[in-house]
Amino acid sequence: MINPQMEFIKVTLENVKETIKKWYDPNKYHYVTINATDTGEDITIDWIFSDLKEKNKIYVFRAENIGYKDFIPSIKDIVKISWLAEFELADLFGLNVQDAPKGVFLEKESIQAPLRKETKWEK
Amino acid sequence: MGKITIPFGSQHVALPEPVSFLFDTQNEIISDVHVNLGYVHRGIEKAAITKFDYTNLAFLLTRVCGLCSITHASGYIHGLEYLLNAEISKRAEYLRMLVIELDRMHSHLLANGHVAEVVGYENLFMQTFRYREKVMEILERLTGNRVQFDYYTIGGVRRDIDLEDAKEIKKELLELKPKLEKLTEFFETDYTFGLKTKNIGKITKEMALEYGVVGPIARASGVKTDARAEYEYLPYNEIGYKLQTRKDGDVLARNLVRQDEILNSLEMCLNILDNLPEGEIKVKTKGRPKGEVFVRVEAPRGECFYYLKGNGSKIFERVRIRVPTYANLPILKDLFIGEKYSDAQAIVLSFDPCMSCTAR
């Protein structure tokens, strides 16, 4: 059985950028992705990293109770490639992410924000 | 000469995948790239949290990708077994590794064959695919299918292997080994192939770390990263796994890393067949998934990441998939700039991109 060593670091939208900036070193840590989960009442966002040296280690910077219209800061000036996951949050969850346009992953005619709980399959 | 804009995809002979690049070129040198990924978002993550209960979800997730379907099964099922606290037998673990490594072999042969084709080696492409065909036949013998084999199941695997099959598969792998070694030698030493692939699309180790690239792309630039070594989801240390790296970070190095991995996978398969433990292939599991887990597994194209969140009901609250091509796309976009348009095909295909996975 797998043995993930998950370390959760609580952050807020106000301090997430500063916290990751102080901690992140691309020679030590590998940026995995950004994930959002819709609880039905609000959003939880995880900024996920792994350790290049320590086996099974996963670091999760977690911001909870985020409103659907809250402004989410981009970390692309710290982690150069985070823009792709941020664009996806804007498209698949309909979130207001800094510098993230809508329409990169979804065409205009498709169902918008499909991963929100309230979004149904059919139009 | 003025700026010329050239489309590459969404349907292109070199890349029959739903992604579109628009290259701005000046004197055949690429000066800017626009990427459009949004042709066919498939809504698999939505289906995973609305239409499939946890016992059937693997059937959906293995269809994220044709080539690395077993990777998606492993990412999901290892996470699920953790949430269900299910310990599987050693024999099932070894059989899982056998099929995963055969899958890696055929996927790498496909990628290397495609690179050979776009740099003008049609015969080499066919030769590579002939060897790949052998691996596909072995997979069919083991799992009942060439691709999309639902071999992983909760608690183990679906099919056992008998002595006769093991003997026959070993014989076929031993016949294949010198041919694959010869193929590696060709990629490494052929002068003209080198001219078309050396110093093309070069990624330094620093760039690879900065952009967080994964899989053979990172390892070809000297980054020692591989989920098989960093995240213990199967006992790779028991079957002769060796992390493969190259230093040059160009199209050729990416092909060579894949060749090295093919040979290592073949060795691992032989070791598994020689040392297959006795025991059950499947254990019963109890309960429903509750809690959350982050899983990393190594797909042929690199690290594949799964996040599962269960609340004790039959349907997961969140299933997140981060596929390797998704991690490698940002650098690919920036890498084109300054390269010749005529090299764009080789650069794209040396990444072995999978849009089916990316637009999951």
Side-chain angles (χ1 to χ4, degrees), chain A residues 1-8 24-40 44 46 48-60 62 76 79-85 87-88 91-92 102-108 110-111 113-117 119-121, chain B residues 35-41 43 45-47 49-51 78-79 81-82 84-88 205-214 218 223-225 227 229-234 292-297 303 305 307 309 317-318 320-323 326-331 333-334 358-359:
Chain A
M1 199 198 320
I2 56 170
N3 181 26
Q5 303 297 310
M6 300 179 279
E7 186 175 330
F8 292 91
Y24 180 61
D25 176 352
N27 292 304
K28 287 184 185 167
Y29 308 113
H30 164 65
Y31 159 80
V32 179
T33 195
I34 304 171
N35 175 56
T37 305
D38 184 0
T39 65
T44 300
D46 295 333
I48 304 159
F49 298 81
S50 67
D51 199 301
L52 286 172
K53 294 266 158 55
E54 199 179 333
K55 285 187 178 184
N56 304 320
K57 188 83 182 176
I58 305 273
Y59 300 93
V60 183
R62 176 165 285 181
K76 67 175 186 295
V79 182
K80 206 170 182 174
I81 60 164
S82 67
W83 60 268
L84 194 59
F87 285 14
E88 200 173 81
D91 264 348
L92 303 189
K102 292 207 166 72
V104 176
F105 286 88
L106 299 173
E107 295 296 295
K108 277 182 189 160
S110 69
I111 296 169
L115 291 181
R116 288 263 276 268
K117 281 262 163 78
T119 310
K120 302 290 174 222
W121 270 92
Chain B
V35 187
N36 188 345
L37 297 167
Y39 284 96
V40 206
H41 195 80
E45 286 181 9
K46 181 72 172 179
I49 55 169
T50 50
K51 299 211 166 193
H78 283 292
E81 286 168 353
Y82 172 79
L84 297 176
N85 201 21
E87 197 73 61
I88 71 159
K205 188 177 179 181
E206 292 70 34
M207 280 167 77
L209 287 168
E210 187 187 357
Y211 279 85
V213 294
V214 297
V223 180
K224 289 181 180 169
T225 179
E230 292 166 7
Y231 195 90
E232 295 162 311
Y233 59 102
L234 284 166
E292 59 185 337
V293 65
F294 299 79
V295 187
R296 296 169 68 207
V297 292
E303 175 203 51
F305 167 84
Y307 168 66
K309 186 179 182 193
E317 205 169 313
R318 178 77 170 112
R320 165 78 159 120
I321 312 162
R322 204 291 330 268
V323 300
Y326 189 95
N328 288 336
L329 267 178
I331 198 172
K333 183 177 180 285
D334 292 351
T358 306

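In what follows, chains are A, B, ... by sequence order, proteins preceding strands, each numbered from 1. The figures that follow rest on heavy atoms only: side chains count, while hydrogens, waters and symmetry mates do not.
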**Student:** Applying the side chain to side chain contact (heavy atoms under 4.5 Å, CB included) criterion to A:N35, which one of B:R322, B:R320, B:K309 satisfies it?
**Tutor:** B:R320

**Student:** Does any heavy atom of chain A fall under 4.5 Å from the side chain of B:L329, the backbone, both, or neither of them?
**Tutor:**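 Side chain only.
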
**Student:** Please check: side-chain N/O of B:E87 versus main-chain N/O of A:M1, any donor-acceptor pairing under 3.5 Å?
**Tutor:** yes

**Student:** Indicate the atoms forming the closest heavy-atom contact of A:P4 with B:F294, along with that distance.
**Tutor:** CB-O, 4.0 Å

**Student:** With a 4.5 angstrom heavy-atom cut-off, which part of B:A229 approaches chain A: side chain, backbone, both or neither?
**Tutor:**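 B:A229 touches chain A through backbone heavy atoms alone.
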
**Student:** Grab the two heavy atoms, one from A:I81 and one from B:P330, that are nearest each other, plus how far apart they are.
**Tutor:**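 Answer, listing the atom of A:I81 first, then B:P330: CG2-CB, 3.4 Å.
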
**Student:** Between B:Y307 and chain A, which part of the residue has a heavy atom less than 4.5 Å away: side chain, backbone, both or neither?
**Tutor:**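 The side chain, not the backbone.
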
**Student:** For A:N27 and B:L209, indicate whether the former's side chain and the latter's backbone hold a donor-acceptor pair under 3.5 Å.
**Tutor:**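 A pair under 3.5 Å: no.
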
**Student:** I'd like to know whether NZ of A:K76 has more than 12 heavy-atom contacts from other residues, nucleotides or ligands below 6.0 angstrom.
**Tutor:**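 Correct, the count exceeds 12.
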
**Student:** Rounded to the nearest 0.5 Å, how far apart are CD of A:E54 and CD of B:E230?
**Tutor:** 11.5 Å

**Student:** Is any side-chain heavy atom of B:T225 closer than 4.5 Å to one of A:H30?
**Tutor:**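 No, too far: nothing below the 4.5 Å cut-off.
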
**Student:** With a 4.5 angstrom heavy-atom cut-off, is it the side chain or the backbone of B:V35 that approaches chain A, or both, or neither?
**Tutor:** neither

**Student:** Against chain A, work out which of B:E232, B:K205, B:K224 has the most heavy-atom pairs shorter than 4.5 Å and name it.
**Tutor:** B:E232

**Student:** Heavy-atom pairs under 4.5 Å with chain B: which of A:S82, A:G40, A:P114 has the most?
**Tutor:**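 The answer is A:P114.
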
**Student:** For A:D46, is it the side chain, the backbone, both or neither that has a heavy atom under 4.5 Å from a heavy atom of chain B?
**Tutor:**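 Answer is side chain: those atoms of A:D46 sit under 4.5 Å from chain B.
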
**Student:** Side chain from CB out, backbone as N, CA, C, O: work out which of these in B:V214 comes under 4.5 Å of a heavy atom of chain A, or both, or neither.
**Tutor:**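 Side chain only.
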
**Student:** Counting only heavy atoms closer than 4.5 Å, note whether B:E81 contacts chain A via side chain, backbone, both or neither.
**Tutor:**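 Backbone only.
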
**Student:** Under 4.5 Å, counting heavy-atom pairs only, tell me which of A:D38, A:T33, A:L52 racks up the most with chain B.
**Tutor:**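 So the answer, after comparing A:D38, A:T33, A:L52, is A:T33.
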
**Student:** Which atom pair, heavy atoms only, marks the closest approach of B:K46 to A:R116?
**Tutor:**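 Scanning both residues completely, I find the closest heavy atoms to be NZ-O, 3.0 Å.
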
**Student:** Salt bridge check, A:R62 against B:E292: does any charged N sit closer than 4.0 Å to a carboxylate O?
**Tutor:**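 Looking at A:R62 together with B:E292, the answer is yes, because their closest N to O distance falls below 4.0 Å.
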
**Student:** Is chain A contacted by the side chain of B:F305, its backbone, both, or neither, given a heavy-atom distance below 4.5 Å?
**Tutor:**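 Interface part for B:F305: side chain.
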
**Student:** For B:E303 and A:S50, work out which heavy atoms get closest and say how close.
**Tutor:** OE2-OG, 4.5 Å

**Student:** Would you say that more than 12 heavy atoms from the other residues, nucleotides or ligands in this model lie under 6.0 Å from the NZ of A:K28, or not?
**Tutor:**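 Atom NZ in A:K28 is not packed in, count stays at 12 or less.
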
**Student:** Can you tell which part of A:A36 gets under 4.5 Å to a heavy atom of chain B, answering side chain, backbone, both or neither?
**Tutor:** backbone

**Student:** State, yes or no, whether a side-chain contact exists between B:Y211 and A:P26 at a heavy-atom distance under 4.5 Å.
**Tutor:**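 B:Y211 vs A:P26: side chains apart.
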
**Student:** Count the heavy-atom pairs under 4.5 Å between each of A:D51, A:T39, A:V79, A:V60 and chain B, then report the option with the highest count.
**Tutor:** A:V60

**Student:** Between CG of A:N3 and OH of B:Y231, what distance do you get to the nearest 0.5 Å?
**Tutor:** 8.0 Å

**Student:** Please report the closest heavy-atom contact between A:M6 and B:V293, naming both atoms and the distance.
**Tutor:**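 Between these two residues, the closest heavy atoms are SD-CA, 4.1 Å.
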
**Student:** To the nearest 0.5 Å, what is the distance between CZ (B:R296) and NZ (A:K55)?
**Tutor:** 11.5 Å

**Student:** Given that the side chain runs from C-beta out, which part of A:F49 has a heavy atom under 4.5 Å from chain B: side chain, backbone, both or neither?
**Tutor:**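 Neither part, no heavy atoms under 4.5 Å.
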
